[in-house]
Each structure stands twice: as structure tokens, then as C-alpha cells.
Amino acid sequence: MAQSTRATPAQEPWNDPHAQPYIRIENVTKKFGAFVAVNNVSLNIYQNEFFCLLGGSGCGKSTLLRMLAGFDSPTSGKIYIDGTDMEGTAPYDRPVNMMFQSYALFPHMTVESNIAFGLKQDRISKTQTTQRVQDILELVQLSPFAQRRPHQLSGGQRQRVALARALVKQPKLLLLDEPLAALDKKLREETQFELVNIQEQTGVTFMVVTHDQEEAMTLSSRIGVMNAGEIVQTGTPTEIYEYPGSRFVADFIGSVNIFEGRITEDEADHVRIDSEEAGCSLYIDHGVTTTSGAKVWFAVRPEKIAISRDKSDADENCTSGTVQEIAYMGDLSIYHVELESGKRVRVTMPNLVRGVSDAITWDEQVYLSWRPSSGVVLMA
Amino acid sequence: MNNNRSYFLISCMVFGFAFLYVPILSLIIFSFNKSKLVTVWAGFSTKWYGALLQNEQILQAAWISLRIAFVNACFAVALGTLAGFVLARLGRFRGRTLFTGMVTAPLVMPEVITGLSLLLLFVAMQDLIGWPQGRGITTITIAHITFSMAYVAVIVQSRLSSVDESVEEAALDLGARPAKVFFVITLPIIAPALVSGWLLAFTMSLDDLVIASFVSGPGSSTLPMVVFSKVRLGVSPEINALASIIVLLVSMGVIAAGYLMHRQQKIRQRDIQFAIAANK
Ligand SMILES: Nc1ncnc2c1ncn2[C@@H]1O[C@H](COP(=O)(O)OP(=O)(O)OP(=O)(O)O)[C@@H](O)[C@H]1O
Ligand SMILES: [Mg+2]
């Protein structure tokens with residue numbers, strides 16, 4: 001897996017009130033007729049970031065990128081790149097290159113001329129163009145295909161040509177719409193690695209749409225999660241995973257168990273929740289700002305729940321159920337446990353030793369427990 | 001049962017083909033007739049072909065027709081492409097419906113009306129600005145451009161709407177100006193449509209009798225006009241010979257086009273096989 005260049009705390013420009021964002025998206029809305037594709041999105045992206053946009057199909061990710069590249073103009077709101085208002089600036093005058101979801105290769109040109117096209121527009125010298133095209137072809141492992149036309153390539157090869165064509169100009173901002181979706185696992189990891197390398201060497205700011213959570217987690221400095229045209233949360237991969245702001249985000253990134261309940265005790269440093277669904281009282285070691293008795297949700301990740309045959313002595317954060325299903329995944333096992341309330345809970349456990357003979361099996365009565373700091377309370 | 005049906009289908013096919021090709025075949029056969037009477041066979045001869053080569057009037061008309069058709073096809077492609085591009089790519093602008101209607105109206109307008117209105121226009125223009133002076137090759141060419149341009153526009157529009165617009169956007173994104181994108185990306189991609197548009201405009205112009213009759217002047221009779229006026233005086237074997245030559249040329253064109261397309265298909269298929277093999 002590619003090593004991430006995640007910013008260290010000292011270089012987290014989004015936490016620095018004096019930092020100038022490279023891209024500033026302010027209250028941008030895009031409507032197609034009456035349909036709202038992007039709804040009041042505000043977003044700051046900083047120089048040298050690797051920003052991933054995650055979200056379901058049709059939630060407006062491509063539309064947002066198209067507005068940054070200048071193919072669509074916002075119905076309302078402003079986009080600033082490098083401090084300049086982009087309204088009225090044509091795509092060919094923006095310091096931006098985009099890789100299209102549909103690749104958009106020039107069908108009548110060879111792979112080589114496809115990639116060289118952008119350099120030609122900048123009147124780069126012939127020798128330098130050839131050199132750069134060769135280098136990038138090497139990078140995406142397409143050198144033997146330089147003289148092919150796009151229709152003579154496989155889907156993954158086309159995707160790499162599109163990527164190379166966007167990368168070769170080394171713009172200030174690269175917009176990649178699902179750049180690696182059609183590649184096999186090995187090639188994808190190599191290319192991820194190269195993307196990170198390119199970013200380190202050239203200081204390009206990346207904005208990448210992906211459907212692959214793992215990719216988003218490993219590559220990005222920050223992730224923006226979109227739903228139905230809105231950005232529902234932005235944050236570092238850790239923040240998004242460990243402190244999701246809503247049930248949608250918790251459920252969208254990784255898997256999660258969510259219990260509905262009501263707040264019974266609400267203090268600055270802890271809350272207690274009474275949850276019928278969980279079958280026990282929940283104690284969480286962070287405070288929330290809401291009133292007692294409000295309906296909330298408690299989310300806990302499968303790997304943070306301990307499963308055992310013995311009842312623990314605590315009566316909070318501990319519940320019981322029967323094992324319905326076990327899936328052996330090699331490195332870990334997944335247990336589906338049905339609680340007395342009928343709620344199914346997913347628990348994962350690393351397989352620390354080989355072939356345990358008295359391992360927990362189907363239909364066994366088990367106890368589930370977790371720590372006060374394992375989960376989060378969600379208001380929405 | 002099945003047999004019955006296939007007999008039925010075969011006889012339908014034979015009848016259909018006979019309907020299409022027997023007249024043409026008889027025309028070719030009678031062009032080799034010795035007799036001057038078109039309907040009486042009097043033995044084989046090629047003298048009408050010789051006579052055709054001597055016939056100044058027909059040769060001149062053919063030359064005029066070809067010149068008009070060529071100039072018309074070139075202008076129609078240039079103007080029709082622009083119109084088709086506007087229709088397919090400029091999205092919704094003010095008056096788009098009107099523009100669409102105006103571009104495509106000549107397709108459905110009766111030729112008599114097109115011809116008459118153009119004639120009135122030319123006469124009025126001559127009175128007002130002194131151009132075009134009289135009616136002749138120029139006016140016929142202009143008239144032909146107005147209606148064949150509409151066909152080209154429709155062909156280009158339908159071709160363009162099947163081309164992914166993001167290809168052009170990608171070129172813009174890489175720094176090319178719109179005009180450059182049009183010439184370097186759009187035009188090469190729709191080149192096949194331009195070729196078929198050109199050929200269509202060319203044949204439509206060669207074919208036209210009605211509009212040309214309205215806007216022609218002395219000394220500018222096109223081939224269809226000459227043929228038509230001759231036939232009115234009785235069918236002459238010379239015309240048969242001329243028609244046979246035209247049929248021969250058209251068939252050769254069709255066969256050549258078919259061969260080229262077949263070859264291209266084969267190359268494409270080989271390339272794809274190649275790509276799959278290399279990808280393993
Ligand atoms: N030109 C258009 N006219 C009308 N609706 C559009 C247009 N372009 C996009 N939409 C709509 O806007 C919504 C967002 O589209 P968009 O392409 O941004 O989705 P996406 O998040 O990129 O999805 P995916 O992951 O499937 O690529 C979709 O519901 C789509 O139908
Ligand atoms: Mg998309």
C-alpha cells in the first residue's frame with residue numbers, strides 16, 4: 001500500500017486561521033433546471049493537499065469538479081483559485097487540469113499525441129515534449145503502446161492514458177475523477193504510490209474523486225464526504241473514521257453498529273444513554289451539547305467490540321446475544337451477533353493464533369463489551 | 001409450412017428487385033440498340049456512345065452540372081458544418097428553436113416553392129444591388145447551396161450528438177482555444193460525416209431539375225434540364241447511353257466505398273485482437 005503523506009500536526013493548514021486556501025469554494029450551488037446537483041457547498045483546499053471527495057453515485061462530485069475546471073458555472077456562489085475569482089475565466093486559462101471520468105481521449109490521435117497535446121498548447125520545445133511524454137509513459141507503464149489509438153487499448157490502459165495526459169502538464173491543481181477505478185489491485189497500488197511521489201516532487205494540489213474508501217484513507221490529507229449535493233463532513237481520514245458527525249458518514253466510511261437511544265445523563269465529560277436496542281445502558285466519555293431525553297444514536301465500529309463467553313462485571317457498555325453467522329476472512333473473523341432486541345451486531349476479531357479448537361461457534365450465547373471511549377454519540 | 005413461407009419471402013424479394021432493376025437493365029440493353037427506335041431491338045451497336053461524345057450540348061451540360069455540383073458540395077459542407085455545430089453544441093440560446101426550424105425547413109419545403117422564392121430573391125437583388133447579374137451558373141449554385149446545406153447540417157448534427165462532448169472539453173482543459181479545438185479535435189472526429197455530407201450535396205445538386213429550372217438563365221442548362229427537354233421530344237438512344245454511363249459510374253462508386261469500408265473494418269478488428277493479445 002502506498003505510504004500516505006498525511007500532514008503532520010504542524011502542517012495542518014486547515015487548522016491555521018492565517019493560512020490562505022488555494023481553492024476557496026463559497027456557497028456554491030449548481031442547479032440543472034429545478035434539480036439541485038450541488039447544494040450550497042463551501043470548502044477550502046490548501047496548497048499541496050491531497051483532497052479526496054467521497055460519496056454515493058449521483059451526489060454531485062463530478063459536477064463540483066466540472067465547476068472547478070470551468071465547464072459548468074455555478075448557479076450561485078463563488079470559486080476562487082489562488083485568490084482569483086474564477087467567474088468568467090475559461091477552462092484554457094485556468095491553472096487546472098482535469099482527468100475525466102469518461103477518459104475523453106482524442107480518438108483520432110495516438111497515445112503519444114494524446115499526451116503531448118497539452119504540452120503543445122504551451123509551446124514547449126519538441127525535445128522537451130518528447131522527453132516528458134516518454135517519462136510519463138514509463139510511469140504509467142504504457143511505453144509499448146505509444147503508437148496505438150485509444151480504440152486499440154483496454155479499459156485500464158485507456159484510464160492510464162487519461163491520467164498521464166492530465167499529469168504531464170503538471171498544473172497547480174489536478175482534478176482527477178475516479179482515476180484508478182479500472183485498474184487491477186497491483187497496478188492501482190503502484191499508481192497510488194506514484195501519485196503521492198508526484199505530489200511530493202511537484203507540490204501539485206490534488207482533488208480526487210474516488211469510490212474506494214481504502215484509497216481515500218491511505219492517500220488523502222483530508223476527505224470530504226458528499227451526500228445529495230452537500231458536503232456533510234470534511235476532515236482527516238482519522239477524524240472521519242473515528243469521529244463521524246452523522247449516521248450517514250459513520251455508515252458510509254467503513255462498517256459500524258448504530259444503536260438508537262435516549263440521553264439520561266448529560267455532563268461535560270460524559271453522557272449516559274438508555275438504549276433498548278442495545279439492551280443495556282451506554283456510558284460514553286465525551287460530552288455532547290443536547291438536552292436530556294433527546295433521541296440520539298450511538299455508533300461503535302466492529303473492531304472496537306470485544307466478544308467473549310464470560311460476562312464482564314460492568315453493567316454498562318455490555319450486552320449479550322447469540323452468534324448467527326461467522327465469516328472467516330483469514331486475518332480476522334467477522335461475527336454477526338443477534339441481541340435480545342433483535343438488533344444484529346457486527347464484531348470483528350483478529351485471528352491471533354492458528355486453529356483454536358474451542359473458538360466461539362454458531363448459536364453460542366456471547367457477551368459483547370466495549371470501552372467508554374470506543375464509540376461516538378451522533379445527533380443526526 | 002416453413003417451406004411455404006420461404007417461397008413467399010423469396011418471391012417477394014425477386015419481385016422487389018425486379019421492380020427496381022428491370023427498368024435500369026432494359027435501359028442499358030437498349031443503349032446498345034442499333035435502331036433509332038428505342039423500343040425495337042435491331043442488333044448490337046455502340047454507335048450511340050459515339051454519338052454522345054459528339055453531342056456538344058450534352059457534354060457541355062454535363063460539364064456545367066459537375067462544376068455546379070462540386071462548388072455546391074464544398075460550400076454546403078462548410079456552411080452546413082457550422083450550422084450543425086451550432087445546433088449540436090451551443091446548448092440553449094435565445095431563438096434556438098427558430099434557428100433549428102430555419103435550418104431544416106428546406107428539407108421539407110416543396111421544391112417549386114424554394115425555386116420560385118429564390119428566383120424572386122435573385123430578381124429583387126439584381127434590381128437593388130446589381131448582383132447577381134442575370135441568371136446562370138452562379139444563381140443555380142447559390143440555390144443548390146441553400147438546400148443541400150440543410151442536409152449537411154442535419155448529418156453533422158446527428159454525428160456530433162453521438163460524440164462525447166467531454167472530448168472537446170478535455171482539449172479546452174489542456175489549453176487549446178475553442179477555434180483550435182474545433183479544427184484539431186472536432187473536425188477530424190466528424191470527418192466521415194463531412195465526407196458523406198459532401199457526397200450527398202454533390203449528388204443532390206447533380207440530381208436537381210426543378211430548382212435549377214427556376215433560377216437558370218440562357219446558356220446555363222444543367223444535365224437534368226437537357227435530358228428532360230430532350231425526352232419531351234421523344235426518347236433518344238443517346239440518352240440511354242448517357243444513363244448507362246451514369247449507372248456505371250455510380251455502381252463503381254458504391255463498390256469502391258463498400259470495399260474501403262470492409263477493409264477498414266478488418267484493420268480495426270485486427271487492431272482490437274492485437275490489443276487484447278498484448279494485454280494478457
Ligand atoms: N447536464 C446535466 N443536466 C441535468 N442533470 C445533470 C447534468 N449533469 C449531472 N446531472 C445530475 O446531477 C447529479 C450529480 O451528477 P454528478 O455527475 O456530479 O454525480 P457524481 O457524484 O459524479 O456520480 P458518479 O459517482 O456516479 O460519477 C446527478 O443526479 C445527475 O443526474
Ligand atoms: Mg462522477
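Numbered from 1 within each chain, the chains take letters A, B, ... in sequence-line order. Note: hydrogens, waters and symmetry copies are ignored here, and every other heavy atom, side chains too, is used.
Taking the six-membered ring for Trp and the full ring otherwise, the centers of A/F71 and A/F100 sit less than 6.0 Å from each other.
Note on ring orientation: taking the six-membered ring where Trp is involved, the planes of B/Y151 and B/F147 are perpendicular (angle over 60°, cut-offs 30° and 60°).
At a 4.5 Å heavy-atom cutoff, the contact between A/R165 and chain B is made by backbone and side-chain atoms alike. Both the backbone and the side chain of B/A171 come within contact range of chain A, judged by heavy atoms closer than 4.5 Å. In this structure, no portion of B/V163 lies under 4.5 Å from any heavy atom of chain A. A/M99 does not touch chain B: none of its heavy atoms, backbone or side chain, sits under 4.5 Å away. In this structure, chain A has a heavy atom under 4.5 Å from the side chain of B/D164, while its backbone stays farther away. If you measure heavy-atom distances from A/L105 to chain B, the contacts under 4.5 Å come from the backbone alone.
Checked by atom type, the side-chain pair A/Q121/B/K180 shows a donor-acceptor distance below 3.5 Å.
A/R158 meets the salt bridge (Lys or Arg N to Asp or Glu O under 4.0 Å) test with no other residue; sequence neighbours excluded.
One finds the CD1 atom of A/I124 at 4.5 Å from the CZ atom of A/R132 (value rounded to the nearest 0.5 Å). Atoms CD1 and CG, from A/I115 and A/L167 in turn, are 9.5 Å apart once rounded to the nearest 0.5 Å.
Note on A/M109, A/R66, A/K120, A/Q101: by heavy-atom pairs under 4.5 Å with chain B, the leading option is A/R66. In terms of heavy-atom pairs under 4.5 Å with chain B, the best-connected choice from A/P91, A/A90, A/P171, A/A166 is A/P91. Note: B/L172 leads B/V184, B/L172, B/V181, B/I189 in heavy-atom pairs under 4.5 Å with chain A. Interface summary for chain B: among A/G70, A/A69, A/G118, the most heavy-atom pairs under 4.5 angstrom belong to A/G118.
Listed by first then second residue, pairs satisfying salt bridge (charged side-chain N to carboxylate O under 4.0 Å, His left out) with a partner in residues 74-91 of chain B read B/R89-B/E168, not counting sequence neighbours.
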